Amino acid sequence: FLPHLVAAMVEVEETYIMIKPDGVQRGLVGEIISRFEKKGFKLTGLKLFQCPKELAQEHYKDLQSKPFFPKLIDYITSGPVVCMAWEGVGVVASARKLIGATNPLNAEPGTIRGDLAVQTGRNVVHGSDSPENGKREIALWFKEGELCEWAPVQEPWLKE
Ligand code: IDP
Ligand code: MG
């Protein structure tokens with residue numbers, strides 16, 4: 001592949017990142033946001049939010065048959081969460097790498113879960129698992145007018 005053809009194949013994606021109630025209660029909000037900021041992705045939405053049960057159930061509907069589902073819904077609605085939308089080329093997979101494995105004991109050091117958590121049921125952060133789910137989840141958690149389109153001044157220093 002010629003470099004310009006490869007560049008044309010990479011697409012700007014959106015991902016939904018959420019700091020779960022344990023991350024908020026433990027004072028990890030700044031730490032977690034800074035990892036995505038420092039990486040160079042673009043923040044397009046941010047709010048502190050007390051999630052209603054119905055929204056948590058809709059967000060995690062693919063897991064509704066799992067035995068841990070009721071506890072998961074209790075956990076996600078147990079206190080405020082920080083909802084974020086992030087944008088960038090390859091942001092979905094890259095954010096999952098920054099977050100680390102679902103079970104924090106299996107998450108590599110250097111990842112958010114690897115550095116900051118010990119249990120699957122208290123793994124401090126969520127990240128969308130595909131570009132399609134990124135779009136779906138951002139539409140689920142944010143209302144119209146809550147997202148910002150903007151051009152970070154650092155962009156020429158991140159992208160050649
Ligand atoms: P992910 O958050 O890494 O994408 P998923 O398998 O999509 O992992 O599960 C969603 C969330 O459900 C997890 O982040 C975790 O909070 C919770 N969860 C998953 N598996 C278990 C479990 O076996 N026990 C308790 N909670 C679980
Ligand atoms: Mg998942």
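Both counts, for ligands and for their atoms, begin at 1 and track the order of listing. The model shown is predicted, which means the values in this text are computed figures rather than measured ones.
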Chemist: Report the part of Thr120 (side chain from C-beta onward, or backbone N, CA, C, O) that has a heavy atom under 4.0 Å from ligand 1; answer both or neither where that applies.
Modeler: both
Chemist: Could you find the nearest protein heavy atom to atom 1 (P) of ligand 1 and give me its residue, atom name and distance?
Modeler: Thr102 OG1, 3.5 Å
Chemist: Contact between Arg136 and Tyr16 at the side-chain level, heavy atoms closer than 4.5 Å - yes or no?
Modeler: no
Chemist: Can you confirm if the NZ or CZ of Lys47 lies within 45° of the ring axis of Phe142 and under 6.0 Å from the centre of its six-membered ring?
Modeler: yes
Chemist: Quick one: are Arg26 and Val124 in side-chain contact, heavy atoms under 4.5 Å?
Modeler: yes
Chemist: Taking the side chain as every heavy atom from C-beta outward, state whether Val153 and Trp157 have any pair of such atoms under 4.5 Å apart.
Modeler: no
Chemist: CG/Asp22 to OH/Tyr75 distance, rounded to the nearest 0.5 angstrom?
Modeler: 3.0 Å
Chemist: What distance separates Phe68 CZ from Leu63 CG, expressed to the nearest 0.5 Å?
Modeler: 5.0 Å
Chemist: Regarding Lys66 and the six-membered ring of Phe69, is the cationic atom NZ or CZ under 6.0 Å from the ring centre and inside 45° of its axis?
Modeler: no
Chemist: Would you kindly specify which portion of His59 sits under 4.0 Å from ligand 1, judged on non-hydrogen atoms: side chain, backbone, both or neither?
Modeler: neither
Chemist: Which bit of Leu72 gets closer than 4.0 Å to ligand 1, counting heavy atoms only: side chain, backbone, both or neither?
Modeler: side chain
Chemist: Write out the residue and atom name of the closest protein heavy atom to atom 20 (N) of ligand 1, then the distance separating them to 0.1 Å.
Modeler: Phe68 CZ, 3.2 Å
Chemist: When you measure from atom 4 (O) of ligand 1 to every protein heavy atom, which one gives the shortest distance, and what is it?
Modeler: Arg96 NH1, 2.8 Å
Chemist: Which residue and atom name correspond to the protein heavy atom nearest atom 13 (C) of ligand 1, and how close is it?
Modeler: Asn123 ND2, 3.6 Å
Chemist: Looking only at heavy atoms, is any part of Leu63 under 4.0 Å from ligand 1, and if so is it the side chain, the backbone, or both, or is it neither?
Modeler: side chain
Chemist: Is Arg113 touching ligand 1 with its side chain, its backbone, both, or neither, if touching means heavy atoms under 4.0 Å apart?
Modeler: side chain
Chemist: Considering only the protein, which heavy-atom contact is closest to atom 16 (O) of ligand 1, and what is its distance?
Modeler: Lys20 NZ, 3.1 Å
